[in-house]
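These figures come from a predicted structure and were not determined experimentally. All residue numbers in this chain count up from 1 along the given sequence.
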Amino acid sequence: MTRVSLIVPCYNAGKTLRLCLESVLSQTRVPDEIVVVDDASSDGSPAIAEELGCRVVRLPENRGVSAARNAGVEHTTGEVIFFLDSDVALRPDAVAGALEVLERDPGVGCVHGVYDTEPLIDDGPVEWYRLLHQVHWRRRHLGEVNSVVFALAAVRREVLAEAGKLDESLRDCEDVEYSSRLAVRTRIVLTDAVMGRHDEGHRLLPVLTEQWRRALPLIPLAVATVRRGAAKPENANSRAGIMACALALACLPLGLLSPALLAVPVVLVGWFVVADPELLRFVHRQRGVAFTAYFMAVHLAVHVVLVTGLAVGSLRLLRPGPARA
């Protein structure tokens, strides 16, 4: 029987870690070893893991999620590594579902899953925005894909060894960078046979700050992906929506020439709202008209930060030498 090692990177995850690990212990196919890699937490998270009988690997200083995952791989022996974020609680058949996909097709080296439409802990409308957006874009791409999100993902150990360690210099977009190495070595499947409930960010400013951090390296990483010969990763957002938002921002100065010209960015914002009709319909089905209006307002704010971050991040390509990678 295939030996499965489940790794949970953990940093101050006291709010969700117990729910996460209890879901692992309740699996129809319980992993052969469960390792929590504590990234120098200060909230007592390791004690929760030890109380539930999990092995804890402690990092002496906070080094980020890539370092925690790499340490977990080094301290486990399973033929399949199941990465699980500490803010995700798995559906009882998630591990079994991942193994079924891998065992059915030896050419698949990585399988990852999607989130449930219900949050792990309901913290309000910003969390619902984040969750529904992530659920929609991942479910839209079910099947063979070019990228992996490590929040709930199973990878064959030999594939990880061939692709190398996660880049520990990246604290954001590490999955984007690693996908470009993984996709040229094996096939990747995104499936709803692996599902979990996620506790998303629930305050707007930190959500926008995170979007800014993630936007900055995206263009340089995309260029590096092309250089490696890997296919482009799946889009989380509509390209038409990104374009509409970018044009609306670019046209705002027209208002300095004449207030009437502000109609141009207003029309472009209207285009942004309808650029992804499938997303609109999905949110409306889940939460109704009023929330859909709220959703699109937050979505626009996120896109303003995304577009600005992409523009600033693109300047990194002008730097000489290694900074382009």
Side-chain angles (χ1 to χ4, degrees), residues 2-9 31 35 37 63-85 88 94-95 97-115 134 137-196 214 217-236 324-325:
T2 303
R3 182 172 171 82
V4 180
S5 299
L6 188 138
I7 297 169
V8 179
V35 173
V37 181
R63 294 167 53 196
V65 68
S66 293
R69 289 177 180 139
N70 287 337
V73 174
E74 292 172 358
H75 284 82
T76 55
T77 60
E79 296 107 301
V80 170
I81 306 297
F82 196 116
F83 294 106
L84 178 64
D85 280 359
V88 177
V95 172
L99 285 175
E100 182 181 354
V101 173
L102 294 173
E103 291 169 356
R104 185 170 62 239
D105 189 343
V108 174
C110 173
V111 54
H112 60 118
V114 299
Y115 296 144
Q134 293 213 25
W137 82 257
R138 292 190 191 184
R139 290 187 177 181
R140 182 169 57 193
H141 295 297
L142 289 175
E144 195 162 324
V145 293
N146 301 314
S147 58
V148 57
V149 178
F150 283 111
L152 56 173
V155 191
R156 300 185 196 273
R157 182 178 289 273
E158 66 265 25
V159 171
L160 285 173
E162 186 180 350
K165 294 183 177 182
L166 282 88
D167 187 342
E168 297 184 8
S169 70
L170 294 173
R171 293 209 172 212
D172 293 286
C173 295
E174 75 289 337
D175 45 0
V176 177
E177 188 279 331
Y178 201 79
S179 294
S180 68
R181 287 188 268 151
L182 204 63
V184 296
R185 291 172 170 85
T186 190
R187 288 161 51 214
I188 304 170
V189 169
L190 174 61
T191 176
D192 56 8
V194 179
M195 187 175 291
R214 288 187 65 84
L218 282 178
I219 297 297
L221 287 174
V223 172
T225 296
V226 172
R227 289 173 179 167
R228 287 192 176 113
K232 292 181 180 179
E234 288 67 36
N235 293 322
R324 295 185 180 183

So, for [X] and [Y], which heavy atoms are closest and what is the spacing to 0.1 Å?
| X | Y | answer |
| --- | --- | --- |
| P9 | I7 | CD-O, 3.6 Å |
| L152 | Y115 | CD2-CE2, 3.6 Å |
| T2 | E103 | OG1-OE2, 3.6 Å |
| L102 | G109 | CD2-C, 4.1 Å |
| R138 | L190 | O-CD2, 3.1 Å |
| R157 | I81 | NH2-CD1, 3.1 Å |

Separation of [Y] [atom2] from [X] [atom1] (nearest 0.5 Å):
| X | Y | atom1 | atom2 | value |
| --- | --- | --- | --- | --- |
| R156 | T186 | CZ | OG1 | 7.0 Å |
| E234 | S179 | CD | OG | 8.5 Å |
| I188 | L182 | CD1 | CG | 4.5 Å |
| F83 | L6 | CZ | CG | 9.5 Å |
| L170 | R214 | CG | CZ | 10.5 Å |
| T225 | N146 | OG1 | CG | 10.0 Å |

**Request:** In sequence, state the C-alpha distance, the side-chain angles, and the governing distance for R3 and T77, and then conclude on side chain to side chain contact (heavy atoms under 4.5 Å, CB included).
**Result:** CA-CA 8 Å; R3 182 172 171 82; T77 60; 3.1 Å; yes
Is [X] reaching over with its side chain to a backbone N or O of [Y], donor-acceptor style, under 3.5 angstrom?
| X | Y | result |
| --- | --- | --- |
| H112 | S147 | yes |
| E168 | S66 | no |
| S5 | G78 | yes |
| Y178 | V149 | no |
| H141 | N235 | yes |

**Request:** Please assess R187 against D105 for the test side chain to side chain contact (heavy atoms under 4.5 Å, CB included), listing each intermediate value before the final yes or no.
**Result:** CA-CA 10 Å; R187 288 161 51 214; D105 189 343; 2.7 Å; yes
**Request:** Scan R181, R69, K165 and name whichever one has a salt bridge (Lys or Arg N to Asp or Glu O under 4.0 Å) with E174.
**Result:**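 Considering R181, R69, K165, a salt bridge (Lys or Arg N to Asp or Glu O under 4.0 Å) with E174 is found only for R69.
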**Request:** Determine, stepwise, if the pair F150 / V65 fulfils side chain to side chain contact (heavy atoms under 4.5 Å, CB included).
**Result:** CA-CA 10 Å; F150 283 111; V65 68; over 6 Å; no
**Request:** Under the side chain to side chain contact (heavy atoms under 4.5 Å, CB included) rule, what do L142 and V114 come out as? Steps first, then yes or no, please.
**Result:** CA-CA 9 Å; L142 289 175; V114 299; 3.9 Å; yes
**Message:** With heavy-atom distances below 4.5 Å as the criterion, would you say the side chains of S180 and L221 are in contact?
**Reply:**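 The answer is no, as the side chains (C-beta and beyond) never meet within the 4.5 Å cut-off.
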